[in-house]
Amino acid sequence: MTTLALHLSVATPMTSDTRSISLLVLATMITLTLAVIRGLIRRTHLVMVVSGTSALLVVLAVLGLAYLITFGAI
């Protein structure tokens, strides 16, 4: 078991910069949210588009603000 743990710690590239990982995760979440909004507009009825898009825009705004704070723009 010790050998396996040592091998995994050597084989897994670890970065000490958590900011770049946070930016990557936030950018991925923003991209997925935009894809969901785009798919929602294409496939659902008008009532679901309005309510779903408004809820997802709030999520997108929070993710965008978190990205800007992490990036250091604000």
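Please read all numbers here as calculations on a predicted model, not as lab measurements.
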Side-chain donor-acceptor pairs under 3.5 Å in residues 47-57, sequence neighbours left out?
from	atom 1	to	atom 2	distance (Å)
Ser51	OG	Val47	O	3.1
Thr53	OG1	Val49	O	2.5
Ser54	OG	Val50	O	3.1
Ser54	OG	Ser51	O	2.8

Exercise. Quick one: CG on Leu68 to CG on Leu23, what's the gap to the nearest 0.5 Å?
Worked result: 10.0 Å
Exercise. What residues form a side-chain contact (heavy atoms from CB on, under 4.5 Å) with Ile30, not counting sequence neighbours?
Worked result: Leu34, Leu60, Leu63, Tyr67
Exercise. Ile37 and Val62: same hydrophobic cluster, using ILVMFWY side-chain contacts below 4.5 Å?
Worked result: no
Exercise. Residues in side-chain contact (heavy atoms from CB on, under 4.5 Å) with Thr28, at least two apart?
Worked result: Leu24, Leu32
